[in-house]
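For reference, the structure discussed in these notes is given below.
Note that ligands are numbered from 1 as they come in the structure, with each ligand's atoms numbered from 1 the same way. Model, not experiment: these values are computed from the prediction.
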Amino acid sequence: MNKITLPGTIWVASDMHLGPATPATSEAFLGFLEAAAAEASALLLPGDIFDAWIGDDVIRQAPPWLASVLQALQRTTAAIPVWLGRGNRDFLMGAELAQTVGAHLLPEPALLDTDYGVILLTHGDELCLDDEAYQTFRAMVRDPAWQQEFLGKSIPERLTLAQQARGESKAATQAKHADIMDVNADAVEALFRDTGVATLIHGHTHRPDRHVLDVAGKRRERWVLPDWDCDHAQPPRGGWLSIDRDGLQLFDLEVA
Ligand code: LP5
Ligand code: MN
């Protein structure tokens with residue numbers, strides 16, 4: 001696996017789930033991008049930046065909320081390197097989006113060569129192996145033939161399907177036990193063993209934390225990124241992780 005060389009202070013954030021119905025979260029994200037451009041050496045966004053990404057062609061007729069996000073990403077990439085990773089909501093993000101905003105696409109998973117050492121970064125949904133219904137859905141939508149067929153549909157058709165899928169997902173997750181929606185311990189252990197890294201960062205589960213574990217006689221840390229919600233959550237929430245030579249640190253979003 002090729003490593004991405006990232007010296008300096010690296011900021012990592014995921015799970016903003018941006019869309020037309022969450023203007024306050026979009027605004028918080030725009031503020032965060034501005035701060036990243038001023039304070040970080042690079043920004044990594046490993047997935048679920050968007051509530052539902054139905055294909056890169058939407059940027060050719062971007063609605064106002066999306067146009068603001070794209071412009072803000074462009075301003076950020078003019079200052080620092082920005083890497084976009086795919087999540088379970090925006091797995092259809094591709095080269096056209098990356099090129100338009102001047103960002104790079106993260107491999108899955110990504111190996112980061114930082115001042116703190118080598119770190120593995122991934123969205124995290126692929127580690128939720130106990131959630132069999134989700135893994136079946138994931139295999140379907142990650143199939144290139146399925147994606148080609150989906151992307152061949154009109155934008156209004158795709159929007160309707162995405163809305164239906166979000167509705168079904170909300171109902172399904174409410175009915176699931178919280179435990180099965182967390183990462184599977186064996187999958188995490190296998191990832192640590194296979195890659196040899198001491199540090200893993202992921203999002204998706206919306207359970208920000210730092211877990212310390214022993215795998216193959218070596219101390220490992222699993223850092224989990226928070227999700228963002230400045231529209232419906234009380235108090236509003238969100239945050240990011242900073243990596244520098246001294247280590248990793250989670251920060252809460254300061255919402256005015
Ligand atoms: O996203 P979240 O946090 O609610 O839950 C996820 C898993 N759900 C998903 C599904 C996405 O939310 C759907 C939106 C994707 C938009 C992308 C573009 C358009 C694709 C259109 C697809 C037709 O990822 C959820 C996990 C949870 O994380 C925790 O890990 O449990 O998994 C599910 O809910 C899967 C269900 O258990 C089974 C499948 C339900 C969806 C069925 C879609 C049917 C399509 C409707 C059209 C007829
Ligand atoms: Mn996710």
Side-chain angles (χ1 to χ4, degrees), residues 12-22 25 29 44-59 66 84-94 96-97 106 108-110 121-185 187-188 200-209 222-229 231-233 237-241:
V12 191
S14 69
D15 299 277
M16 299 88 196
H17 306 126
L18 304 179
T22 51
T25 311
F29 182 61
L44 312 181
L45 303 170
D48 284 8
I49 302 154
F50 298 105
D51 185 52
W53 190 259
I54 59 162
D56 286 1
D57 54 335
V58 293
I59 62 188
L66 179 57
L84 305 176
R86 300 169 185 91
N88 56 298
R89 309 270 194 96
D90 50 15
F91 55 86
L92 286 172
M93 289 193 305
E96 185 177 343
L97 168 65
L106 282 169
E108 298 163 55
L121 176 69
T122 185
H123 182 65
D125 57 312
E126 74 284 13
L127 298 171
C128 298
L129 297 184
D130 299 330
D131 193 343
E132 288 174 11
Y134 171 64
Q135 292 303 331
T136 303
F137 173 77
R138 186 178 196 275
M140 177 179 84
V141 299
R142 291 291 184 130
D143 176 11
W146 183 92
Q147 293 192 359
Q148 202 181 356
E149 198 193 325
F150 183 77
L151 291 171
K153 296 180 194 294
S154 71
I155 290 179
E157 256 182 300
R158 278 179 271 157
L159 278 174
T160 305
L161 286 169
Q163 247 167 25
Q164 280 175 11
R166 288 293 305 120
E168 299 223 10
S169 180
K170 277 178 197 160
T173 49
Q174 269 167 25
K176 286 177 197 176
H177 196 282
D179 284 355
I180 75 152
M181 291 190 284
D182 204 349
V183 294
N184 172 281
V188 169
L200 164 69
I201 301 171
H202 69 81
H204 181 68
T205 60
H206 310 173
R207 302 171 202 215
D209 209 341
R222 174 169 72 89
W223 290 74
V224 188
L225 300 163
D227 67 321
W228 295 39
D229 185 352
D231 289 274
H232 305 109
R237 67 168 182 267
W240 76 97
L241 194 144

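- When non-hydrogen atoms are compared, ligand 1 lies under 4.0 Å from neither the backbone nor the side chain of Arg138.
- Arg166 NH1, 2.8 Å is the protein heavy atom nearest to atom 12 (O) of ligand 1.
- No heavy atom of Asp125 sits closer than 4.0 Å to any atom of ligand 1.
- The protein heavy-atom contact nearest to atom 42 (C) of ligand 1 is Glu168 OE1, 3.9 Å.
- For ligand 1, the atoms closer than 4.0 angstrom to any heavy atom of Thr173 are 5 (O), 25 (C), 26 (C), 27 (C), 31 (O).
- Close approach of ligand 1 to Gln164 is summarised as follows: ligand atoms under 4.0 Å from at least one heavy atom of the residue are 46 (C), 47 (C), 48 (C).
- Taking only nitrogen or oxygen atoms, main chain and side chain alike, Asp131 reaches within less than 3.5 Å of ligand 1.
- In this structure, atom 32 (O) of ligand 1 lies nearest to the protein heavy atom Tyr134 CD1, 3.3 Å.
- With a heavy-atom cut-off of 4.0 Å, Lys170 does not touch ligand 1 at all.
- Both the backbone and the side chain of Ser169 come within 4.0 Å of ligand 1, judged by heavy-atom distances.
- Closest protein heavy atom to atom 1 (O) of ligand 1: Arg89 NE, 2.5 Å.
- By the side-chain contact (heavy atoms from CB on, under 4.5 Å) test, Ala162 pairs with Ala52, Ile54, sequence neighbours left out.
- Comment: Arg142 does not engage Glu126 in a salt bridge, judged by the lack of any side-chain N to carboxylate O separation of less than 4.0 angstrom.
- Side-chain atoms of Asp51 never come within 3.5 Å of backbone atoms of Arg89 as a donor-acceptor pair (strictly under, hydrogens ignored).
- Residue Arg158 places no heavy atom under 4.0 Å from ligand 1.
- Proximity to Phe91 (heavy-atom distance under 4.0 Å) selects the following atoms of ligand 1: 17 (C).
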